[in-house]
Asker: 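First the structure, which I've put down as structure tokens, then a few questions once you've had a look.
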Amino acid sequence: PEPSLEGAGALRADDDGYLQIIDSEALIRLAQENDLILRVEKRPGQYVARGSKLVTVWPGERFEDSLVEELNWAFALGSQRTSVQDLEFTIGQLVEVAVRSLSPGINDPFTAIACIDRLSSAMVRIASRDLPSPFHYDDSGQLRLIRHSADFPELLDAAFDPIRHYGQSSPAVVLRLMEALATIAELVERPEDREALRRHAETLSRGANRDIPENADRQAIDQCHRTLLEDLER
């Protein structure tokens, strides 16, 4: 379990910008040299305001002013997000294309469907990989760094929530979203990933029953929903 880190100090950001890179090896080295545990409070892609907490430093009484500059060197801030350590940014680029294609001025569901297909492939790959542990240790086995990364449910939200929001009245888009979830459901193993897929499917189904007028379209979506639930129960 994650330690409480009571009585910790705080490293606060000395500038504004998007967090682009975190040098975990440098943070572990600094924590080991000064016998500290560090917990990074932001992850790549998040916007950091000057003065906001960037790192929790425990124990606080060992956090000296001389460490501030060294710790800050382990973080790169910039005016824009990048794909170096920010998987959500890469997903967001495809999502942006899909959402723009669904705008009333363009109304191109085929482009949105192509984006959904690519996103489903990405989510299958993510679901099949072991998630990195947030706990990082030095060579002696002492916990030195806690750094959380985006997990599968968060990445699934980033991939499909905006498209569902802007395409929920399009039968073709909703059906392809449900088909994509069903494809991913065949390969997920972790219980929390299954629950995320179930939540997305139920949200899609409710929206289809509310916003899609044709009964045949709703039936096709409902059939795909039932198939997905069967896969999740296996």
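Only heavy atoms go into these numbers, but all of them, side chains included; no hydrogens, no water, no symmetry mates. Not measured: the values here are computed from a predicted model.
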Asker: Side chains of S24 and R147 only: does a donor on one sit below 3.5 Å from an acceptor on the other?
Answerer: yes

Asker: Salt bridge between R62 and E64, side-chain N to carboxylate O under 4.0 Å?
Answerer: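 Looking at E64 together with R62, the answer is no, because their closest N to O distance does not fall below 4.0 Å.
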
Asker: Give the cluster check for L229 versus L197: same hydrophobic cluster or not, with ILVMFWY residues linked at side-chain heavy-atom distances below 4.5 Å.
Answerer: yes

Asker: Between the side chain of W58 and the main-chain N/O of G9, is any donor-acceptor distance below 3.5 Å?
Answerer: no

Asker: Evaluate the side-chain contact (heavy atoms from CB on, under 4.5 Å) criterion for residues V188 and F152: first the C-alpha distance (whole Å), next the side-chain angles of each, then the deciding distance (0.1 Å), finally the verdict.
Answerer: CA-CA 10 Å; V188 295; F152 177 88; 4.2 Å; yes

Asker: Which value, rounded to the nearest 0.5 Å, describes the distance between D157 atom CG and D161 atom CG?
Answerer: 4.5 Å

Asker: Between V40 and F75, is the side-chain contact (heavy atoms from CB on, under 4.5 Å) condition met? List the steps.
Answerer: CA-CA 10 Å; V40 179; F75 299 88; 4.0 Å; yes

Asker: Rounded to the nearest 0.5 Å, how far does CG of D15 lie from CG of L77?
Answerer: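 Nearest 0.5 Å value for the CG-CG distance: 6.0 Å.
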
Asker: Answer yes or no: is there a donor N or O on one side and an acceptor on the other, between the side chain of E233 and the main chain of E230, under 3.5 Å?
Answerer: no

Asker: Rounded to the nearest 0.5 Å, what's the gap from CG on L155 to CE on M123? Could you check?
Answerer: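 It comes to 5.5 Å.
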
Asker: How about L27 and I22: do any of their side-chain heavy atoms sit closer than 4.5 Å?
Answerer: yes

Asker: Without swapping roles, check the side chain of D193 against the backbone of E189 for a donor-acceptor pair under 3.5 Å.
Answerer: no

Asker: Step by step, would you call K42 with L54 a side-chain contact (heavy atoms from CB on, under 4.5 Å)?
Answerer: CA-CA 6 Å; K42 301 288 185 180; L54 194 57; 4.0 Å; yes

Asker: Using modelled atom types and a 3.5 Å cut-off, is there a donor and acceptor pairing between side-chain atoms of R144 and backbone atoms of H136?
Answerer: no

Asker: Is the backbone N or O of E179 less than 3.5 Å from a side-chain atom of T183, with the two atoms forming a donor-acceptor pair by type?
Answerer: yes

Asker: Would you give the length of the straight line joining atom CG of L87 to atom CD of Q85, rounded to the nearest 0.5 angstrom?
Answerer: 11.5 Å

Asker: Within the 3.5 Å criterion, strictly below it, is a donor on R226 or Q223 matched to an acceptor on the partner's side chain?
Answerer: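 The answer is yes; a qualifying pair exists.
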
Asker: What do you reckon, is CD of E61 surrounded by more than 12 foreign heavy atoms closer than 6.0 Å?
Answerer: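 For E61, atom CD is crowded (more than 12 foreign heavy atoms under 6.0 Å).
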
Asker: For R118, does the CZ atom have more than 12 heavy-atom neighbours from other residues, nucleotides or ligands under 6.0 Å away?
Answerer: no

Asker: Mind checking whether D16 and Y47 have side chains closer than 4.5 Å, heavy atoms only?
Answerer: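 Touching, per the 4.5 Å side-chain cut-off.
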
Asker: Examine distances only and state if a side-chain atom of D138 and a backbone atom of Q142 form a donor-acceptor pair shorter than 3.5 Å.
Answerer: yes

Asker: Look at the side chain of N34 and the backbone N and O of L36, then say whether any donor-acceptor pair between them is shorter than 3.5 Å.
Answerer: no

Asker: Working to the nearest 0.5 Å, report the span between CZ of R176 and OG of S170.
Answerer: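 It is 11.0 Å, given to the nearest 0.5 Å.
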
Asker: With side chains defined as the heavy atoms from C-beta onward, is the minimum distance between L232 and L228 less than 4.5 Å?
Answerer: yes

Asker: Among N107, I163, V97, whose side chain to side chain contact (heavy atoms under 4.5 Å, CB included) with L102 holds?
Answerer: I163

Asker: Under 4.0 Å between a side-chain nitrogen and a carboxylate oxygen: does that hold for R29 and E33?
Answerer: yes

Asker: Starting from I21 and following side-chain heavy-atom contacts under 4.5 Å between hydrophobic residues (I, L, V, M, F, W, Y), which residues can be reached?
Answerer: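 Its cluster mates, by chain and number, are V84.
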
Asker: Please confirm whether the backbone N or O of L19 pairs with a side-chain atom of Q46, one donor and one acceptor, at under 3.5 Å?
Answerer: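 Pair absent, no side-chain N/O of Q46 close to backbone of L19.
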
Asker: Linking I/L/V/M/F/W/Y whenever their side-chain heavy atoms sit closer than 4.5 Å, directly or via other members, would Y18 and I91 fall into one cluster?
Answerer: no

Asker: I'd like to know if the side chain of D108 pairs up with that of T111 as donor and acceptor (distance under 3.5 Å, no hydrogens or angles considered).
Answerer: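 On atom types as modelled, these side chains qualify, holding a pair under 3.5 Å.
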
Asker: May I ask whether L5 and L145 are part of the same hydrophobic cluster, defined by side-chain heavy atoms of I, L, V, M, F, W, Y residues being less than 4.5 angstrom apart, directly or through others?
Answerer: no

Asker: Could you go step by step and tell me if E192 and R194 meet the salt bridge (Lys or Arg N to Asp or Glu O under 4.0 Å) rule?
Answerer: CA-CA 5 Å; E192 60 271 24; R194 291 174 177 270; over 6 Å; no

Asker: State plainly whether one hydrophobic cluster holds both I126 and L94, where clusters connect Ile, Leu, Val, Met, Phe, Trp and Tyr through side-chain heavy atoms under 4.5 angstrom apart.
Answerer: yes

Asker: Using a 4.5 Å cut-off on heavy atoms from C-beta on, say whether the side chain of R206 contacts that of T203.
Answerer: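 Side chain of T203 against side chain of R206, heavy atoms only: contact under 4.5 Å found.
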
Asker: A side-chain contact here means heavy atoms from C-beta on lying under 4.5 Å apart; do H148 and I146 qualify?
Answerer: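 Result yes, sub-4.5 Å side-chain heavy-atom pair found.
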
Asker: Do H200 and L156 come within less than 4.5 Å of each other through their side chains, counting heavy atoms only?
Answerer: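 In short, these two side chains touch, coming nearer than 4.5 Å.
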
Asker: Indicate if L175 and I113 have the same hydrophobic cluster label, given that clusters are the connected sets of ILVMFWY residues with side-chain heavy-atom separations under 4.5 angstrom.
Answerer: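 Cluster IDs for L175 and I113 differ.
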
Asker: Contact between E88 and R43 at the side-chain level, heavy atoms closer than 4.5 Å - yes or no?
Answerer: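 E88 reaches R43 side chain to side chain.
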
Asker: What distance do S120 atom OG and I116 atom CD1 have between them, rounded to the nearest 0.5 Å?
Answerer: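 Rounded to the nearest 0.5 Å, the OG-CD1 separation comes out at 8.5 Å.
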
Asker: With a sphere of 6.0 Å drawn around CG of D139, does it hold more than 12 non-hydrogen atoms of other residues, nucleotides or ligands?
Answerer: no

Asker: Decide salt bridge (Lys or Arg N to Asp or Glu O under 4.0 Å) for D14 and R50; before the verdict, give the C-alpha distance in whole Å, the side-chain angles of both, and the deciding distance to 0.1 Å.
Answerer: CA-CA 5 Å; D14 62 356; R50 183 194 297 270; over 6 Å; no

Asker: Do R199 and E195 pass the salt bridge (Lys or Arg N to Asp or Glu O under 4.0 Å) test, and can you show the C-alpha distance, the side-chain angles, and the key distance before you say yes or no?
Answerer: CA-CA 6 Å; R199 172 171 52 83; E195 182 56 35; over 6 Å; no

Asker: So, do C115 and V95 sit near enough that their side-chain heavy atoms are less than 4.5 Å apart?
Answerer: no

